[in-house]
**Q** 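What follows is a single structure, and I will ask about it in a moment.
All residue numbers refer to positions in the sequence shown, counting from 1. The structure presented is a predicted model; accordingly, all values stated were derived computationally and were not measured.
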Amino acid sequence: MYKEIKCIQCGKTLDYIKSADIQLGKDTGIFSDSGQWGAGTLYCDIYICPECGEYHFIKGEKKPEGELVKCKWCCKKVDASYPKCTNCGRSFDEKW
């Protein structure tokens, strides 16, 4: 879920990119020994600092989906609590 977070390097407010399952290690996925898709992943919120370019991965909390809105750019239904579309990254307020 989107939060206002400051960069630990320079103190600027981070830009939210998206929330995603990040793969841990190299033996997960379709061709893994375990044969389980998504095994060995960490759900996190991904941010970047607009000043120093530092990426920040913050442990995310999977939550029940809130109000969904249809993105006018990619037409996917996404959580309205985020400032940008979690699918295409465009701002909901951006003009045509």
Side-chain angles (χ1 to χ4, degrees):
M1 179 177 208
Y2 171 76
K3 301 172 194 153
E4 188 171 310
I5 298 175
K6 302 287 184 183
C7 178
I8 59 174
Q9 299 294 325
C10 66
K12 297 286 183 183
T13 299
L14 301 175
D15 290 335
Y16 171 80
I17 297 175
K18 70 178 195 172
S19 296
D21 282 307
I22 302 298
Q23 181 175 333
L24 305 173
K26 62 180 182 177
D27 65 347
T28 61
I30 297 172
F31 302 110
S32 71
D33 292 336
S34 68
Q36 295 179 354
W37 179 254
T41 62
L42 175 67
Y43 186 75
C44 64
D45 297 328
I46 306 168
Y47 294 82
I48 189 168
C49 178
E51 183 69 25
C52 66
E54 210 46 49
Y55 280 94
H56 297 263
F57 298 86
I58 310 298
K59 182 180 177 191
E61 296 179 21
K62 289 202 177 189
K63 62 179 180 95
E65 291 188 5
E67 178 187 355
L68 297 179
V69 294
K70 185 176 178 183
C71 174
K72 67 182 178 184
W73 302 105
C74 69
C75 298
K76 299 283 184 181
K77 288 193 175 188
V78 295
D79 191 327
S81 66
Y82 292 105
K84 298 178 183 178
C85 176
T86 54
N87 184 60
C88 70
R90 306 269 311 252
S91 173
F92 297 129
D93 299 332
E94 195 173 325
K95 301 286 183 199
W96 285 97

**Q** Which atom names give the shortest non-hydrogen contact between K6 and G11, and what distance separates them?
**A** CD-O, 3.3 Å

**Q** Would you name the heavy atoms of Y43 and S19 that are closest together and state the gap between them?
**A** OH-CB, 3.3 Å

**Q** Which pair of non-hydrogen atoms, one from C44 and one from F57, has the smallest distance, and what is that distance?
**A** SG-CD2, 3.9 Å

**Q** I need the minimum non-hydrogen distance between Y16 and Y47, along with the two atoms involved.
**A** CA-CD2, 3.6 Å

**Q** Please report the interatomic distance CD1(I46) to CG(L14), rounded to the nearest 0.5 Å.
**A** 12.5 Å

**Q** So, for C7 and H56, which heavy atoms are closest and what is the spacing to 0.1 Å?
**A** SG-NE2, 3.5 Å

**Q** With I48, which residues qualify under side-chain contact (heavy atoms from CB on, under 4.5 Å), at least two apart?
**A** D15, I17, Y55

**Q** More than 12 foreign heavy atoms under 6.0 Å from NZ of K72: is that the case here?
**A** yes

**Q** Which atom pair, heavy atoms only, marks the closest approach of K84 to G89?
**A** CD-O, 3.4 Å

**Q** When clusters are formed from ILVMFWY side-chain contacts under 4.5 Å, directly or step by step, what else is grouped with V69?
**A** V78, F92

